[in-house]
Protein chains: 2
Amino acid sequence: MHSEAVASRSADQKGSRESRSGTPQLDAVSLAIVEQLQEDGRRPYAAIGKAVGLSEAAVRQRVQKLLDQGVMQIVAVTDPLTVGFRRQAMVGVNVEGDVESVADALAAMSECEYVVMTAGSFDLMVEIVCEDDDHLLDVINRRIRAVPGVRSTESFVYLKLKKQTYMWGTR
Amino acid sequence: MHSEAVASRSADQKGSRESRSGTPQLDAVSLAIVEQLQEDGRRPYAAIGKAVGLSEAAVRQRVQKLLDQGVMQIVAVTDPLTVGFRRQAMVGVNVEGDVESVADALAAMSECEYVVMTAGSFDLMVEIVCEDDDHLLDVINRRIRAVPGVRSTESFVYLKLKKQTYMWGTR
DNA sequence: CCGCGAAGTTGCGAAATCCGCAGACTATGA
DNA sequence: TCATAGTCTGCGGATTTCGCAACTTCGCGG
């Protein structure tokens, strides 16, 4: 069967090459490990090792490091609607002044599940998860717009989640 | 220590109440299990059982059912930039005709990682994950706009991912 | 009132998995 | 050349998973 390793063992280990943002780049083996765990977050280390051509212990160390470094996290994901959060929205934000500081402020809010800096007619896109309309209204009009530097916002209330995937690389 | 159960045991089991969309609603105990797995997708069943006030076997059964039903999935999540996908974008789409069929068409594309129907100045919001600029350009201008019913699109290229969480309920 | 099904609990043993550790191997830099 | 840091492998022992069986509880209908 597929006993050959995914990558040349002599290749450099993850972390050797850094992108400008300081995020460590992954080598082929770690990438393969991530893909395995994207298919099944509970897959045993030995099975992963067999798939990527590494020993069980080595896989364990790599996974641990990837988790420690924050490169990946192994979690349960759900459709928030199923878990009792009835209102979600994507909010486009326009900023005057330092965009990053505003992004940090928004990221600090527990209701902001997703914060990304963008190019285009919005400076930031923020995904909000709330329990009901009142909660959503409060977050958008009271909290987000209160952040210094926020010039304007535009909301897109979620009607229906059609797709949600976590399998990049697996294609 | 905290030996009391999270919810009244006499409460109805998950699946008893269905929302209009057919998605089963979760009871408090399953919700607590999901929260445990949102903190750590590999947490052992026994530990979860202790936390939510259930036996190891019961937790095992519930988790298996939640996975089978597709209510949750346990996976590794990463910042795509770290995994070699250099270009991402959120795309707002305006549709003429049946929105849902367009959403389905977009959801069928492997590059569309996230598809949601929204209220507001866009009918759909789609998150795209690509390897490079050429790929992104192709997906947006060639593939998405080719879908029947797509009237127009507006793109927001990702500059930096600031936050990405999966811990609803844990707050 | 009794039977029945769904869920949960306890208990158990075998198999699989996890985890820590010692030893070997390989670059890299002083 | 030697020391060091980073990985990988192999290997026990502890832990967890997994399937299974028997018994209890609870709610529902006949």
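To find a chain, count down the sequence lines: A is the first, B the second, and so on, and within it residues start at 1.
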Have a look at the helix from C:dC1-D:dG30 to C:dA30-D:dT1 and give the angle its two end axes make, five pairs each, rounded to 10 degrees.
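Inter-axis angle at the termini of the helix from C:dC1-D:dG30 to C:dA30-D:dT1: 30°.
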In the hydrophobic cluster built from side-chain contacts under 4.5 Å, what are the other members alongside A:Val150?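 Cluster partners of A:Val150: A:Val91, A:Val93, A:Val95, A:Val99, A:Val102, A:Leu106, A:Met109, A:Val115, A:Met117, A:Leu124, A:Val126, A:Ile128, A:Leu136, A:Val139, A:Ile140, A:Ile144, A:Val147, A:Val157, B:Leu159.
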task = For B:Arg86, check salt bridge (Lys or Arg N to Asp or Glu O under 4.0 Å) against everything at least two apart and list the hits.
result =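 None.
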### Query
When we call it a touch if two heavy atoms are under 4.0 Å apart, what does A:Arg43 touch: a base, just sugar-phosphate, or nothing?
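Contact class for A:Arg43: none.
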_For residues 90-132 of chain A, which residue pairs pass the ring-ring contact (aromatic ring centres under 6.0 Å, His included) check, not counting sequence neighbours?_
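ring-ring contact (aromatic ring centres under 6.0 Å, His included) check on residues 90-132 of chain A returns A:Phe122-B:Phe156.
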Residues A:Asp104 and A:Ser101: side-chain donor-acceptor under 3.5 angstrom:
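The criterion, which ignores hydrogens and geometry beyond distance, is not satisfied for A:Ser101 and A:Asp104.
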inquiry  = Under 3.5 Å, is there a donor on one side chain and an acceptor on the other for A:Gln64 and A:Asp68?
reply    =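 Yes, a side-chain donor-acceptor pair sits under 3.5 Å.
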### Task
Measure from NZ on B:Lys65 to C1' on C:dA6 and round the result to the nearest Å.
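After rounding, the reported distance stands at 8 Å.
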* Rounded interatomic separation in angstrom, taking CG from A:Asp27 and C1' from D:dC8 ->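 After rounding, the reported distance stands at 13 Å.
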Q | Given C:dC18, C:dT9, D:dT17, the nucleotide with the shortest approach to the side chain of A:Arg42 | A |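 Closest nucleotide to the A:Arg42 side chain: D:dT17.
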- prompt: Out of D:dC8, C:dT9, C:dC18, which nucleotide sits closest to the side chain of A:Pro44?
  reply: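 In terms of side-chain proximity for A:Pro44, the closest of D:dC8, C:dT9, C:dC18 is C:dC18.
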Within residues 88-101 of chain B or reaching into it, pairs that qualify as salt bridge (charged side-chain N to carboxylate O under 4.0 Å, His left out) - sequence neighbours excluded:
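Listed once each, the pairs are A:Lys160-B:Glu100, A:Lys162-B:Glu100, B:Glu96-B:Arg151.
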Extract from the structure each pairing of a protein N or O with an N or O of nucleotides 20-24 of chain D at less than 3.5 Å, listing the distance.
none

Counting distance only, does the side-chain N/O of A:Arg42 pair as donor-acceptor with the main-chain N or O of B:Gly41 below 3.5 Å?
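Answer holds: yes.
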